[in-house]
Protein chains: 2
Amino acid sequence: MAARRPDTSERGEQTRTRIVDAALGLFEERGYEGTTMRAVAAAAGVSLGNAYYYFASKDHLVQAFYERSQVEHLAASRPVLDRERDLGARLSGVLHAWLDTNRRYHDFAVTFFRTAADPDSPLSPFSPQSQPARDAAIALYAEVLHGSDAKVTPAVRERLPEMLWLYSMGVVLYWVHDRSTDVERSRFLVDRTVPLVVRLVNLSRYRVLRGVVDDAMDIVDELSGRRLTR
Amino acid sequence: MAARRPDTSERGEQTRTRIVDAALGLFEERGYEGTTMRAVAAAAGVSLGNAYYYFASKDHLVQAFYERSQVEHLAASRPVLDRERDLGARLSGVLHAWLDTNRRYHDFAVTFFRTAADPDSPLSPFSPQSQPARDAAIALYAEVLHGSDAKVTPAVRERLPEMLWLYSMGVVLYWVHDRSTDVERSRFLVDRTVPLVVRLVNLSRYRVLRGVVDDAMDIVDELSGRRLTR
DNA sequence: CGTTCGATCTGAACACGTTCAAGTCGAGCG
DNA sequence: CGCTCGACTTGAACGTGTTCAGATCGAACG
């Protein structure tokens with residue numbers, strides 16, 4: 001029979017799950033900084049050292065949140081993607097779905113994204129360790145585009161998903177800084193910029209913009225042979 | 001006679017300077033994380049607690065770096081701004097000047113920008129405490145534009161500096177993640193995107209783009225009545 | 001049953017950022 | 001000269017993330 005991955009053994013996996021659950025609960029309740037590793041260990045019913053046996057650092061603990069949030073976002077996006085054909089509606093729907101699923105995490109997401117801004121952190125959206133998550137996210141925007149009735153050139157069709165993802169990262173960056181009630185300013189940003197994006201996408205077929213667009217595509221190619229990092 | 005600001009009194013100012021010098025030296029030598037407050041205090045010849053009398057936290061210590069760097073950048077940009085009239089040359093010159101003046105700080109700037117990514121940190125480029133520095137930076141890009149021979153509509157003329165600053169923040173973000181030797185990829189990014197930006201600026205006068213541009217300007221207005229933060 | 005060995009677990013110890021109660025210093029005043 | 005007061009300085013102590021040398025557990029094996 002096949003050898004088991006160490007962290008998939010029964011006992012280990014159980015303990016790992018207990019720790020994650022405890023951590024996410026405390027994060028939501030007291031925020032990231034307000035949650036100590038000792039508290040996490042205690043809530044999970046394990047020793048402090050044991051928590052570090054499963055998670056190399058406090059930061060690594062939020063990767064669990066990251067994954068959970070992404071699964072929720074995908075699920076929340078599904079209905080929109082199945083229903084809408086219009087590019088603007090699809091893009092807007094996916095972004096609002098993101099804002100919805102992350103609403104309750106806003107407070108502690110702030111400190112989470114702080115560590116994510118460290119290029120050396122595995123949590124950075126540009127880090128090698130995030131590649132799977134990043135690819136999944138880009139794939140989502142590929143579906144946003146390819147499932148729509150928007151007409152684009154082949155070159156754009158291929159690179160636009162990545163650029164839409166970058167655009168979504170911009171929205172996230174704004175959202176992190178957004179202190180308005182119910183993050184209405186972020187929603188406003190989405191509502192106002194999505195039509196702009198769509199219009200630019202449509203314009204990209206026309207002669208005046210063709211040159212700029214082609215050059216932009218080239219730059220994306222040249223710089224993403226090896227991604228934003230290293 | 002006028003009352004002295006406490007931190008401008010003779011002895012205090014001296015001590016403050018000693019601490020800043022010690023800190024910047026150690027930052028450059030061992031990086032941010034590698035530098036302990038105890039080491040800074042020791043190098044400055046003061047007690048640990050005394051360092052905290054002048055600087056509320058380790059983070060506040062890098063504001064000194066921030067200011068020094070900005071002064072250097074301004075000085076390095078001056079020749080280009082006095083010489084060039086072409087928008088692309090001016091923009092490119094200013095950005096390369098930034099890369100030059102910050103070259104030796106790259107290693108520890110990484111961790112510096114990490115804390116800067118925290119919206120609650122006074123070091124965030126979007127924070128109220130950074131407003132003076134931010135305004136100064138935007139003013140620089142206003143000079144880049146207004147001293148050039150580029151033809152733009154009044155609306156663009158007014159808002160473009162802020163957008164150029166945002167563009168420069170994007171370059172900085174890329175630079176922080178850039179691990180290539182001598183940050184050549186960042187230089188490549190500048191060389192390739194500046195012409196794009198210039199072409200977009202020129203196109204902004206034409207009918208096809210007018211609508212998009214006007215809408216973009218509106219959004220900037222609506223969202224920056226109160227800035228990106230609060 | 002006894003041994004072995006790797007996965008799992010423990011808690012004391014460490015280094016660091018930060019706080020604070022208690023000093024010291026020096027100029028101005030009576 | 002002694003006193004006062006506020007600016008400045010001190011170092012011990014606290015809480016936290018992280019490390020590590022060693023338990024403990026349990027399945028496989030002889």
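So that the names make sense, note that chain A is the first sequence line, chain B the second, and so on, each numbered from 1. Hydrogens, waters and symmetry mates are skipped; everything else that's a heavy atom, side chains included, is used.
Summarising the geometry, the separation between CG on A:L61 and P on D:dT18 is reported as 10 Å, rounded to the nearest angstrom. With rounding to whole Å, B:L26 atom CG is found 13 Å from C:dC16 atom P. In this structure, the CD atom of A:Q14 is 15 Å from the C1' atom of C:dA7, given to the nearest Å. Put simply, CE on A:M37 is 16 Å from P on D:dC20, counting in whole angstrom units. Atom NZ of B:K58 is separated from atom P of C:dG17 by 4 Å (rounded to the nearest Å). Distance B:Y52 OH to C:dA21 P: 17 Å, rounded to the nearest Å.
For B:R192, the salt bridge (charged side-chain N to carboxylate O under 4.0 Å, His left out) partners are A:E222, not counting sequence neighbours.
Classification of the A:F27-A:Y32 ring pair by plane angle, with boundaries at 30° and 60°, yields tilted.
Which of D:dT9, C:dT10, D:dT18 sits closest to the side chain of A:S47 comes down to C:dT10. In this structure, of C:dT19, D:dT9, C:dT8, it is C:dT8 that holds the atom nearest to the side chain of A:Y53. Checked against C:dT19, D:dC8, C:dT10, the side chain of A:N50 finds its nearest nucleotide in C:dT10.
With hydrogens and angles left out, the side chain of A:R38 and the base of D:dG15 share no donor-acceptor pair within 3.5 Å.
Summary of the strand contacts: B:G45 and A:L48 both lie near DNA chain D, and taking for each the nucleotide with the nearest heavy atom, the more 5' one is attributed to B:G45. For the pair A:T36 and A:G49, nearest-nucleotide mapping onto DNA chain D gives the more 5' position to A:T36.
Of the side-chain N and O atoms in A:T15, one or more sit less than 4.0 angstrom from OP1 or OP2 of C:dC9. In terms of phosphate contacts, A:Y54 brings a side-chain nitrogen or oxygen within less than 4.0 Å of OP1 or OP2 of C:dC9.
Between A:R78 and A:E143 there is a salt bridge, with a side-chain nitrogen of the basic residue lying less than 4.0 Å from a carboxylate oxygen of the acidic one. Under the 4.0 Å criterion applied to side-chain N and carboxylate O atoms, B:D218 and B:R159 are not assigned as salt-bridge partners. Taking a cutoff of 4.0 Å between a charged side-chain nitrogen and a carboxylate oxygen, B:D100 and B:R187 qualify as a salt bridge.
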